[in-house]
Colleague: 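Dropping a structure here in C-alpha cells format, bear with me for questions.
As a basis for the values below, the full set of heavy atoms in this structure was taken, side chains included, without hydrogen atoms, waters or symmetry mates. The first residue in the sequence is number 1, and the count goes up from there.
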Amino acid sequence: MVAFRAAVLHNAAKVFLWESVCYLSKLEACGMPVEVKPRFVVLYGSQKGQAQSIAEGIAEEAEQHGLVADLSCLNETTKYNLEKENDPVVFIVSTTGDGEPPDNALQFVKRIKRKALSTDHYKHLCYALLALGDTNYANFCNCGKTIERRLQDLGAKQFYATGYADDGVGLEVVVDPWLEGLWNAIRGALSKMASDRTAHLKVNTEDSAEETPDSSTPDVQISLLSITDHQNCEPASPAGSIGLASQCHGTASIPTSAPKTQAGDVGVPHVVLAASLTCSLPPLSESSLNVPALPPPYLDVSLQEADTIEQIVGPLNKETLHEVPVSKAVQLTRGDSVKTAILLELDISAYPMMTYQPGDSFDVFCPNRAAEVDNMLSRLGLQDQRNHLVNISLRKDTKKKGAQVPSYISQNISLLFLLTWCLEIRGIPKKAFLRALVEHTGDSVQRRRLQELCSKQGAADYNLYVRDPSLSILELLTAFPSCSPPLSLLIEHLPKLQPRPYSAASSCLTHSGKLHFAFNVVEFPACTGRPMGRRGLCTGWLFDLINPSPVFPGKAESSNSPALPKIHVSLRPNCSFRPPSDPSVPFMMVGPGTGVAPFIGFLQQRAEERQKNPEGVFGETWLFFGCRHRDRDYLFREELEGFVSSGTLSHLKVCFSRDDREDEESAAAQPRYVQHNLLLNSQHVTDILLRQNGYLYVCGDAKNMAKDVNETLLEMIKTELQVDQLEAMKRLAGLREEKRYLQDIWG
C-alpha cells in the first residue's frame with residue numbers, strides 16, 4: 001500500500017512538472033518572456049522611521065539586482081511566516097529607550113524569546129541583520145543583538161556579517177558599506193540554498209524511483225536558476241549632468257561640472273574660499289559622485305477647497321492622551337545663568353487613573369512653531385490654501401515596495417493642521433530626501449551641491465553642515481532658493497512629529513494630583529544655513545506658553561498672574577528606573593543639571609516612606625549633583641538641603657564647574673564634575689555596588705557626562721578590586737544585567 005501511494009505521488013509530480021514545462025514553452029513560443037526572479041525577505045522594526053527607510057531602500061533596489069524583495073514590518077505577522085521561510089531573510093532593526101525594541105518589533109521579540117521553542121526551530125532559516133543604535137546611550141543596538149542571539153539559539157544560520165550602525169557618529173559610516181556588500185551576500189545565499197534544495201530533491205527523487213520504477217512517464221530534468229555575481233545591466237544614458245554608472249547599483253556617477261580655478265592671473269588678488277552648506281571646495285567640488293538611487297514617488301496629493309472646516313486644536317489621537325492644565329511654572333535658574341531651567345507643575349487631578357511612580361517619564365505633544373509653518377507654506381507657495389483639505393492616496397504607477405499612506409495622517413484635515421501637528425518639519429533631512437530634492441532644483445550650482453551632500457564622497461560635508469547642527473528642511477530650503485519641492489515630496493520624506501519625553505520630578509505621595517517636570521530651554525546656535533539661533537521645538541514652545549508667568553524660587557506668586565495653558569501628555573511607565581523595592585537596600589544617584597529631576601521624586605517618596613514607618617530600616621542614599629555656579633544654577637537647592645537635614649538623603653556631594661577657585665591649591669582639591677566626586681568617594685561607591693548589592697542611577701547628558709561616569713566606574717573597580725580592564729568591564733556589565741546600574745540619559 002505504501003509503495004502504491006509513493007508511486008502515485010511520484011507519477012503525479014512528474015506529470016505536474018511536465019505540464020509546467022510545456023506551459024512555459026508555449027509562453028516562450030508566443031514571444032512572452034519567462035523570468036522568475038529570485039526572492040528574499042526584508043523585515044524591519046523601526047521607532048522613528050530610520051530602519052524602515054533603509055528597509056524600503058533595500059526592497060526598491062532589489063529589482064535593479066535582478067531580485068524580488070518581500071517587505072514587511074515585524075508586527076505584520078500575516079505577511080510573512082519565518083517558520084516556513086526558505087529564502088534569505090534580512091532584518092533591519094533599531095533600538096529605543098533603554099535598549100528596548102521599537103514598538104512595532106516588541107511582539108516579535110517576545111515571540112522568539114519563548115522558552116518553549118526548540119533549539120532547531122529556525123534551523124531552516126538563513127538571515128542577515130543590520131542593527132541601528134547610538135553609543136551615547138546604554139545597551140547599544142540591544143534590540144538587534146537580542147534578535148540575533150535568539151535566532152542563533154533557535155538554529156538559524158547567518159549568511160552575512162551583522163552591521164552595528166552608530167547614530168552617535170553617523171549611521172552611514174556602517175550602513176553604506178554594509179548595503180554595498182549585501183547584494184553579493186544575498187546572491188551567494190540564494191545560490192547555496194538552491195544547491196541544497198537541488199541535492200535534497202535529487203536524493204528524494206532517487207529514493208522514490210527505487211521504490212516505484214515507472215517508464216510510462218517521460219523523465220523531466222529541472223535546472224534550478226543559478227545566481228551569479230554577473231548581472232545583465234545596460235548602462236543608462238546620461239541625463240543632464242548625471243550619468244548612471246550602472247543601473248544595477250542604484251548609484252549615480254556625477255562627472256566633474258565645477259570649473260577649475262585659474263592660477264597665476266596677474267593683478268588678480270588671491271582669495272581664500274571657505275566651504276559652507278552651499279559651497280564646496282576641491283577635491284569634492286571636482287570629484288565624480290556616487291549618489292543614492294532616486295526614491296520613487298508614491299503619493300498623490302491634492303488640495304480641496306472646503307466650505308467649512310473643523311478647527312482642530314491639538315493632536316488627533318486624543319483617546320490616548322490627557323489634556324492637563326499647567327498649574328505652576330517656576331524658573332529654577334538665575335537670570336544670568338548660561339541655561340534657563342524651568343519647573344512646571346501639571347494638574348492631573350481630573351484623571352485619577354493617571355498614576356505614576358518615581359522614575360517614570362511622560363510624553364509632551366507639541367506643535368511645530370506657527371512662524372515656521374507660515375514660512376513653509378510660503379516656501380511651497382501654498383499660503384492661500386492653508387485651510388484647504390488635504391487628499392492623499394497611493395499613486396497607481398508607483399514602484400515603491402510596501403507603499404502606503406502614512407498612518408499618522410488622518411482624513412479630512414487641513415494643510416495647516418498637517419504642517420502643524422503631523423509632520424516633523426524640524427526633522428534633519430536624510431540623504432534620500434536630498435537626492436529627491438535635486439530633481440526639483442533649478443540652479444545647476446545648487447543641484448550639484450545637493451548631489452554632493454547626499455553622495456558617498458560628501459559624507460563629511462553632510463555631517464558637518466546638515467546632521468551635526470541639526471539643520472531643518474526649512475533651513476535647507478532657505479539656503480537653496482531654486483529648490484521648489486511639491487507638497488507630496490514632503491509628506492513622503494518627512495517623519496511623523498514625535499512627542500518629547502520628560503522625567504517626572506515628583507512623587508504622587510508628596511504631590512497628590514500633581515506631576516512635576518524640569519527642563520532646560522534648548523538653544524541651537526547660529527551656523528551656516530541658520531543665520532540666527534533658535535530654541536528647541538518643545539522646550540521653546542513650553543517656555544513661550546508660560547512666559548512671562550514663571551516665578552523665581554523664594555518669590556511669592558502674584559494673584560494677578562494670567563491663567564496658564566493646557567498641554568497634551570501621555571504617561572510612559574519605566575519599570576526599571578525606579579528606587580529599589582526593598583527600602584533597606586542602599587542606592588546612589590548621579591544627576592548633574594536637570595538630570596537631578598527624577599531623583600527629586602525618588603527622595604520625596606523616600607521621605608514619605610520614612611514618615612509612615614519611622615521604625616523601618618532604610619539604606620543609605622547618595623546624590624552626586626553638579627552645575628556651573630553655586631549661586632546661579634544650583635537646581636532644587638533648598639529641597640535637597642532639606643532632605644539632608646531630615647535624614648532622607650544620607651550624602652549630598654555637589655560640585656561647581658565654573659566657579660572661581662581662590663588659589664591653585666584649593667582648585668586642585670575641589671572636584672569640578674560629578675565623576676570627580678565619584679572618584680573621591682571610590683571606596684564607598686564600590687562597596688555599595690559590589691558588596692552591599694546596592695544600586696546606581698545615572699540621569700542626564702549621554703554624550704559626555706554618562707560616558708565619563710562609566711569610564712570613572714571602570715577605573716574605580718579596577719583599583720578597588722585590583723583587576724584588569726576586561727574584568728572591570730565584565731563586572732560593570734553584570735551590574736547592568738542585574739538592573740543595579742541604570743541610566744536615563746539623552747543626547
Side-chain angles (χ1 to χ4, degrees), residues 53 57 238-242 251-252 254-255 257-258 275-281 284-285 289-303 368-369 371-386 390 395 415 418-419 423-459 461-495 526-532 534:
S53 177
S241 64
I242 300 179
T251 59
I254 312 298
S257 59
S276 66
L277 172 66
T278 56
C279 175
S280 65
L281 295 177
L284 178 60
S285 62
L289 305 173
N290 298 98
V291 302
L294 181 65
Y298 64 96
L299 292 179
D300 274 328
V301 178
S302 62
L303 298 176
N368 288 308
R369 293 183 69 83
E372 293 177 18
V373 172
D374 286 341
N375 288 341
M376 182 64 80
L377 287 167
S378 177
R379 191 67 180 76
L380 297 173
L382 298 173
Q383 272 189 317
D384 294 339
Q385 296 167 274
R386 60 195 298 126
V390 183
R395 292 178 60 148
L415 175 58
L418 174 77
L419 295 178
L423 300 179
E424 184 90 61
I425 64 175
R426 281 275 188 97
I428 302 171
K430 297 188 176 79
K431 289 185 177 182
F433 193 7
L434 298 184
R435 174 65 185 91
L437 290 175
V438 170
E439 306 304 305
H440 303 279
T441 303
D443 182 82
S444 60
V445 174
Q446 294 178 22
R447 282 174 60 92
R448 164 73 192 194
R449 185 53 174 155
L450 286 172
Q451 290 164 353
E452 289 172 352
L453 290 171
C454 71
S455 71
K456 184 177 181 180
Q457 292 77 8
D461 275 22
Y462 174 80
N463 287 339
L464 183 61
Y465 300 116
V466 180
R467 180 179 173 275
D468 293 346
S470 299
L471 205 70
S472 72
I473 179 58
L474 183 59
E475 290 165 339
L476 187 88
L477 291 176
T478 302
F480 293 85
S482 75
C483 182
S484 300
L487 175 63
S488 60
L489 198 69
L490 267 67
I491 298 174
E492 289 173 352
H493 286 273
L494 289 181
C527 63
T528 173
R530 185 187 301 130
M532 297 182 64
R534 57 171 164 83

Colleague: Are Ile428 and Tyr462 close enough that some pair of their side-chain heavy atoms sits under 4.5 Å apart?
Modeller: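 Sidechains of Tyr462 and Ile428: in contact.
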Colleague: Can you pull out every salt bridge (charged side-chain N to carboxylate O under 4.0 Å, His left out) where at least one residue sits in residues 476-491? Sequence neighbours excluded, please.
Modeller: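 Checked against salt bridge (charged side-chain N to carboxylate O under 4.0 Å, His left out) - neighbours excluded - no pair reaches residues 476-491.
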Colleague: Under a 4.5 Å cut-off applied to non-hydrogen side-chain atoms, are Ser280 and Arg448 in contact?
Modeller: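 With C-beta onward as the side chain, the pair stays apart.
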Colleague: Give a yes or no on whether the backbone of Ser455 and the side-chain of Arg435 come within a donor-acceptor separation of less than 3.5 Å.
Modeller: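 Judged by distance alone, no pair lies under 3.5 Å.
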Colleague: Decide yes or no for Thr278 and Thr528: does some side-chain heavy atom of the first lie under 4.5 Å from some side-chain heavy atom of the second?
Modeller: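 Thr278 does not reach Thr528 side chain to side chain.
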Colleague: Does Arg534 pair with Glu372 as a salt bridge, N-O distance under 4.0 Å?
Modeller: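 Answer for the salt bridge query: no.
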Colleague: Taking the side chain as every heavy atom from C-beta outward, state whether Met376 and Leu477 have any atom pair closer than 4.5 Å.
Modeller: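 Side chain of Met376 against side chain of Leu477, heavy atoms only: contact under 4.5 Å found.
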Colleague: So, does Gln385 use its side chain to make a donor-acceptor pair with the main chain of Leu382 at under 3.5 Å?
Modeller: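 Here the side-chain-to-backbone pair does not exist.
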Colleague: Which residues satisfy the salt bridge (charged side-chain N to carboxylate O under 4.0 Å, His left out) test with Glu424, sequence neighbours excluded?
Modeller: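 Testing Glu424 for salt bridge (charged side-chain N to carboxylate O under 4.0 Å, His left out), a comparison that skips the adjacent residues, returns Arg500.
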Colleague: In this structure, which one of Leu434, Val438, Leu453 forms a side-chain contact (heavy atoms from CB on, under 4.5 Å) with Phe480?
Modeller: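 Single pass found, and it is Leu453.
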Colleague: Check whether Arg426 reaches the backbone of Arg369 with its side chain - one donor and one acceptor, N or O, closer than 3.5 Å.
Modeller: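 No; zero donor-acceptor contacts below 3.5 Å.
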Colleague: With a 3.5 Å distance limit and no angle check, can you tell me whether Glu492 reaches the backbone of Leu299 through a side-chain donor-acceptor pair?
Modeller: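 Flag set: sc Glu492 to bb Leu299 pair under 3.5 Å.
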Colleague: So, do Val301 and Pro486 sit near enough that their side-chain heavy atoms are less than 4.5 Å apart?
Modeller: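 Not in contact.
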Colleague: Quick one: does Thr478's side chain have a donor or acceptor within less than 3.5 Å of a partner on Leu474's backbone?
Modeller: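 Between the backbone of Leu474 and the side chain of Thr478 there is a qualifying donor-acceptor contact (under 3.5 Å).
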Colleague: To the nearest 0.5 Å, what is the distance between CZ (Arg447) and NE2 (His440)?
Modeller: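 Answer rounded to 0.5 Å: 10.0 Å.
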Colleague: Do Val390 and Leu303 have side-chain heavy atoms sitting under 4.5 Å apart?
Modeller: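 Yes, their side chains come closer than 4.5 Å.
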Colleague: What residues, two or more places apart in sequence or in another chain, satisfy ring pair (Phe, Tyr, Trp, His ring centres under 6.0 Å) together with Tyr465?
Modeller: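 Residues passing ring pair (Phe, Tyr, Trp, His ring centres under 6.0 Å) with Tyr465: none at all.
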Colleague: Cut-off 3.5 Å, side chains only: do Gln457 and Asn290 have a donor facing an acceptor?
Modeller: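 Gln457 vs Asn290: donor-acceptor pair found between side chains.
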